[in-house]
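Because the structure is a prediction, the values reported are computed rather than measured. Residue numbers start from 1 in every chain, and the chains themselves are labelled A, B, ... in the order their sequence lines are given, proteins ahead of strands.
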Amino acid sequence: MNSTVPPLRVQNCNRAPIHDDGDYVLYWMIAARRTRWNFGLERAADWARALGKPLLVLEALRCDYPWASDRLHRFVLQGMAANADHLERTRATYYPYIERRQNGGKGLLESLARRAAVVVTDDFPCFFLPRMVAAAAERLKVRLESVDSNGLLPLRATDRVFLRAVDFRRFLQKTLPQHFDEMPRKNPLARATIPLLEQLPADVVRRWPPADLESLSDTCSLAELPIDHSVSPVSYAGGSIAADEALHRFLDRRLGRYTEGRRDVTERATSELSPYLHFGHISSHQIFSAVAEREQWNPGQVFHKATAARSGWWGMSEPAESFLDELLTWRELGYNMSWQRDDYDRYESLPAWAQKSLEEHQADSREYVYTLEEFEAAATYDELWNAAQRELVRDGRIHSYLRMLWGKKILEWSETPRDALAVMIELNNKYAVDGRNPNSYSGIFWCLGRYDRAWGPERPIFGKIRFMSSDSTRRKLDAKAYIAEFSAGRQQEIAF
DNA sequence: ATCGGCTCGCGCAA
DNA sequence: TGCGCGAAGCCGAT
């Protein structure tokens with residue numbers, strides 16, 4: 001089949017055949033929840049064109065995955081509304097499905113796949129998604145392909161795992177230029193001369209009615225679903241349209257002072273794109289292209305040699321280079337880890353020196369030890385830490401510097417490093433909109449030594465793990481303003 | 001305000 | 001085989 005998607009990004013998940021007599025090509029959208037800059041959708045559209053079949057897009061939202069809540073559901077549903085809106089103006093057909101009770105969606109994919117010529121899905125290396133795709137691959141009697149839309153570097157461009165950002169950065173500087181001209185199409189469905197699907201299979205629609213996204217956009221409807229209602233929606237909206245707005249807000253008003261401005265507590269010069277990247281509402285290719293365009297950059301400007309230096313290689317402005325180091329080096333480093341190692345979320349994946357040092361200090365006495373419930377309730381003696389925890393609970397994110405302190409203190413105040421890890425994973429996955437992502441795990445494990453080096457002097461509890469203290473943090477940023485913003489009494493501002 | 005020491009291990013030049 | 005250096009640190013000396 002003639003496809004514009006780079007072969008390195010496409011995996012054949014089973015040995016089942018293409019069905020030439022199928023009614024449509026099915027794109028099972030599970031991670032790249034967007035209609036633009038999406039290699040998976042592009043691949044599915046290529047199949048539809050080649051086979052002369054209609055294209056059906058299934059986007060489902062289960063209710064029984066770990067940490068399912070009003071917060072995560074609302075964000076995904078807003079994304080589905082944006083996708084419905086866009087697909088209505090194309091020749092593809094959209095099938096949004098919201099599971100209303102446990103296992104309610106069981107059999108839907110299989111039923112749709114039974115009539116499909118070929119099924120295409122997203123390759124995402126984290127959470128329950130790899131297991132879900134592997135299980136589907138075994139069951140389906142039709143070819144299932146998964147497509148890697150995760151980053152600028154295809155996951156399979158290397159079979160190594162990188163233990164330090166600097167090594168991965170050097171590798172990227174050597175390798176990325178080969179992939180600069182392999183961008184996904186901005187609108188893979190434009191000019192698609194594929195037949196329209198006359199109608200959805202009636203028996204499938206009867207058993208699994210497509211979601212009425214209008215009615216699900218209010219909180220009342222969320223209340224009917226068997227999900228965690230104690231984690232409330234955040235004040236910013238999900239979906240590709242909101243993501244585009246965030247991108248332009250960042251480029252227009254924040255990128256210029258990104259390098260120094262990120263720590264500013266009141267006027268954070270951060271991108272705020274992470275939740276959208278996590279749910280695939282925006283593509284890192286799109287973000288990269290937008291930055292490059294602002295910088296009037298072309299690939300000829302990169303330095304001729306891989307220096308591994310954090311700045312100066314791209315030939316862009318200093319703030320743009322800082323941002324690209326986050327977007328590309330750090331983000332894709334985490335994806336590489338999750339893809340390479342099944343134990344990316346386990347304590348044993350920490351570097352040997354870190355495990356050894358933490359173990360040597362396991363028996364050290366702890367002045368304060370809190371339970372998960374105390375951490376969750378922001379009930380420690382330290383008001384700066386409590387404010388960070390309240391930001392997480394309220395807004396589904398934590399200030400970029402304070403989130404490191406947040407993790408370091410959980411290590412200090414837990415019975416064992418393993419307990420600390422469990423608390424960090426639980427709270428982050430439950431409350432952070434961008435949790436359950438390779439980069440969540442990078443951040444959490446960094447607090448325990450991953451991607452870091454040993455530091456002296458050796459201290460109680462931490463051993464040689466980099467130590468951070470609330471007192472020095474107070475000297476570095478406007479802790480007063482931060483604590484005031486996330487004080488216990490302050491009401492959540494609803495901005496929509 | 002700035003600097004070195006604390007400490008580990010990788011990639012690279014030699 | 002040795003050298004340089006690294007996501008954001010801390011502390012004490014100057």
Between the side chains of [X] and [Y], does any donor sit under 3.5 Å from an acceptor?
| X | Y | answer |
| --- | --- | --- |
| Thr121(A) | Glu145(A) | no |
| Glu321(A) | Trp313(A) | no |
| Ser69(A) | Arg74(A) | no |
| Glu391(A) | Tyr482(A) | yes |
| Thr35(A) | His86(A) | yes |
| Glu376(A) | Tyr431(A) | yes |

For [N], does either OP1 or OP2 sit under 4.0 Å from a side-chain N or O belonging to [X]?
| X | N | result |
| --- | --- | --- |
| Lys464(A) | dC8(B) | yes |
| Arg160(A) | dC10(B) | no |
| Tyr401(A) | dA7(C) | no |
| Arg466(A) | dA8(C) | yes |
| Lys174(A) | dG11(B) | no |
| Lys476(A) | dG9(C) | yes |
| Ser472(A) | dG9(C) | no |
| Arg459(A) | dG9(C) | no |

CZ/Arg257(A): more than 12 non-hydrogen atoms of other groups inside 6.0 Å: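 Yes, the 6.0 Å shell around CZ holds more than 12 heavy atoms from other groups.
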
Glu348(A) CD: over 12 foreign heavy atoms closer than 6.0 Å: yes

Euclidean distance for [atom1], [N] against [M] (whole angstrom):
| N | M | atom1 | answer |
| --- | --- | --- | --- |
| dT7(B) | dT1(C) | P | 25 Å |
| dC12(B) | dA7(C) | P | 15 Å |
| dC5(C) | dC3(B) | P | 15 Å |

Consecutive-pair stems (3 or more, Watson-Crick or G-U, under 3.5 Å) for DNA chain B: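 So the stems come out as B:1-6 with C:9-14, B:8-13 with C:1-6.
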
Closest contact, heavy atoms only, Arg71(A) versus Ser232(A):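 The answer is NE-O, 2.8 Å.
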
Residue mapping more 5' on DNA chain B - nearest nucleotide basis, Arg170(A) or Arg164(A): Arg164(A)

Between the protein and nucleotides 4-6 of chain B, which nitrogen or oxygen pairs are less than 3.5 angstrom apart?
residue: dC6(B); atom: O2; partner: Gly456(A); partner atom: O; Å: 2.3

Nearest whole Å is fine: how far is [N] [atom2] from [X] [atom1]?
| X | N | atom1 | atom2 | answer |
| --- | --- | --- | --- | --- |
| Glu360(A) | dT7(B) | CD | C1' | 13 Å |
| Glu412(A) | dC10(C) | CD | P | 12 Å |
| Phe323(A) | dA8(C) | CZ | P | 20 Å |
| Ile465(A) | dG6(C) | CD1 | P | 20 Å |
| Arg310(A) | dC5(C) | CZ | P | 14 Å |
| Tyr451(A) | dT7(B) | OH | P | 26 Å |
| Phe171(A) | dC12(B) | CZ | P | 12 Å |
| Lys408(A) | dA8(C) | NZ | P | 10 Å |

Given dG9(C), dG6(C), dC8(B), the nucleotide with the shortest approach to the side chain of Val166(A):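 Between dG9(C), dG6(C), dC8(B), the one nearest the side chain of Val166(A) would be dG6(C).
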
Note: Asp64(A)-Arg62(A) ion pair, threshold 4.0 Å (strictly below):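 The answer is yes: the pair qualifies as a salt bridge.
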
Sugar-phosphate, base or nothing in reach of Ser400(A), heavy atoms under 4.0 Å: nothing

Sugar-phosphate only, base, or nothing, as touched by Met404(A) at under 4.0 Å among non-hydrogen atoms: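 Answer is base: heavy atoms of Met404(A) come under 4.0 Å of a base.
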
Arg453(A) to Trp455(A), cation-pi by 6.0 Å centre distance and 45° axis angle: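 Yes, a cation-pi geometry.
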
